[in-house]
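The block underneath contains the structure these notes are about, expressed in structure tokens.
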Amino acid sequence: MSTPESKMAGISRRMISAKAEQFTESVIREMTRLAMKHNAVNLSQGFPDFAAPAEVKEAARQAISDDINQYAITWGAKALRDAIVEKFERTQSVRYDPEREITICCGSTEAMMSAMMAVINPGDEVVVFEPFYENYGPDAILSGAAPRFVRMQPPSAKNPDWSFDREELAAAFGANSKAIILNTPNNPTGKVFSRAELEFIRDLCVRWNVYCITDEIYEHILYDGTEHISMARLEGMRDRTIVINGMSKTYSVTGWRVGWALAPPEPTQAIRKVHDFLTVGAAAPLQQAGASALHSPQAYYDNLAVAYAKKRERLLKILETAGFTVYKPRGAYYIMTDISRLDFPANDPRFASGSKDVAFAKYLVQEIGVACVPGSSFYNVPQDGASQVRFTFCKKEETLAAAEARFAKLKA
Ligand SMILES: Cc1ncc(COP(=O)(O)O)c(C=O)c1O
């Protein structure tokens, strides 16, 4: 006889979509919750714990005082669209039409999702470099894309940077390919794709007639003289590239949720429709403030990179001293590490998990008091990231110093 409970269980199973069943909650966001619960130093999620620039905050205050409180045009406030187009032309020498080729979204997260939903049909294949920013997995599932992963190998004696096999990449493209997702500077590896690598990818995009959807959110966080080259800048790519970017990282305002997609008119029309019915628009006063942030002088961007370079050195040293094998990033603000040399009670039932990196992350947050992100969350097959964890250094000196003190308890 069926009880009300058993009926409910049956109903609730059927009431969840097959798509939503296919992915878990974000591990990165979960680590932040665990950090708060255990009062740990949070080096997991990539949000700065220091203030945003005073001028940017003042512009937001001013926008609210000026009563910019109602819906902006769904594809974005004109002042911000104009500022983005002007800045992109200044930095990448490529001109977009602010009326027909840009959509302002709720963060680059929504811009990526809207772009994928706008161009992908069920079964279309999307090439993704691995390890990848964890959102791209659910993005692929929700848009119906079939991901084809191409592995990047960590730096080695032979190759000082994260690298991919060109034949393997070429083999991932085919008649069903619709797009490649590129993230440069890259999270989690810190890789900054070189012009030669981009040209190789460009040739594949042209040959197979696919889009390059390029996530450039860390464009200004660069080290060691590396240069950010947008795929849109390469010959033949202006009309097959969708550039995703946002305010979060460049202006230290991850909570403002302002991002955008630059794309030719046809995909932009589709992106705007998806965006409109998903969110209508990003916060109007913060878009207005964004317009003034994007007019920051070049010195602002130079100083940002210099400040992060110091933090990178600081955390590299802390992690090396604690016994991690570190992979030095060339851009963005994360350090991927290998934990093989570290000793920890992996079989303790409080931490035990199917994956060593998850057990280690639990141990680190509960016993040592530092939160990181398990490497498996950046791989399609979790086991492939089982010896890696990622730390971020977009934190105040006090935060990094607190982590350093806590790492003293870790056994190498
Ligand atoms: C590669 C990458 N893309 C996008 C985002 C999210 O950006 P936004 O805050 O604009 O949604 C992040 C945040 O960590 C990221 O690392």
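Each ligand, and each atom within it, is numbered from 1 in the order the structure gives.
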Look at [atom] and say which protein heavy atom is nearest, naming residue and atom and giving the distance to 0.1 Å.
| atom | result |
| --- | --- |
| atom 5 (C) of ligand 1 | Tyr133 OH, 3.5 Å |
| atom 7 (O) of ligand 1 | Ser108 OG, 2.9 Å |
| atom 2 (C) of ligand 1 | Asp215 OD2, 3.4 Å |
| atom 11 (O) of ligand 1 | Thr109 OG1, 2.6 Å |
| atom 14 (O) of ligand 1 | Lys249 NZ, 2.7 Å |

Any chance the rings of [X] and [Y] have centres within less than 6.0 Å?
| X | Y | answer |
| --- | --- | --- |
| Phe193 | Phe129 | yes |
| Phe378 | Tyr133 | no |
| Phe324 | Phe407 | yes |
| Phe360 | Phe351 | no |
| Phe344 | Tyr363 | yes |

Would you please determine whether [X] falls within less than 4.0 Å of ligand 1 on a heavy-atom basis?
| X | value |
| --- | --- |
| Glu110 | no |
| Tyr334 | yes |
| Tyr218 | yes |

Handout entry: Between SG on residue Cys372 and CD on residue Gln45, distance to nearest 0.5 Å
Key =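 With rounding to 0.5 Å, SG (Cys372) is 13.5 Å from CD (Gln45).
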Handout entry: Test of proximity, Thr254 against ligand 1: N or O pairs below 3.5 Å
Key =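 Looking only at distances, the answer is no, because the N/O contact criterion of under 3.5 Å is not met.
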Practice task
Could you check Glu397, Lys396, Glu398, Lys395 and say which one makes a side chain to side chain contact (heavy atoms under 4.5 Å, CB included) with Phe50?
Solution key: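 Among the candidates, only Lys396 passes.
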Problem - Among Ser248, Gly259, Pro188, Gly255, closest by any non-hydrogen atom to atom 9 (O) of ligand 1 - result: Ser248
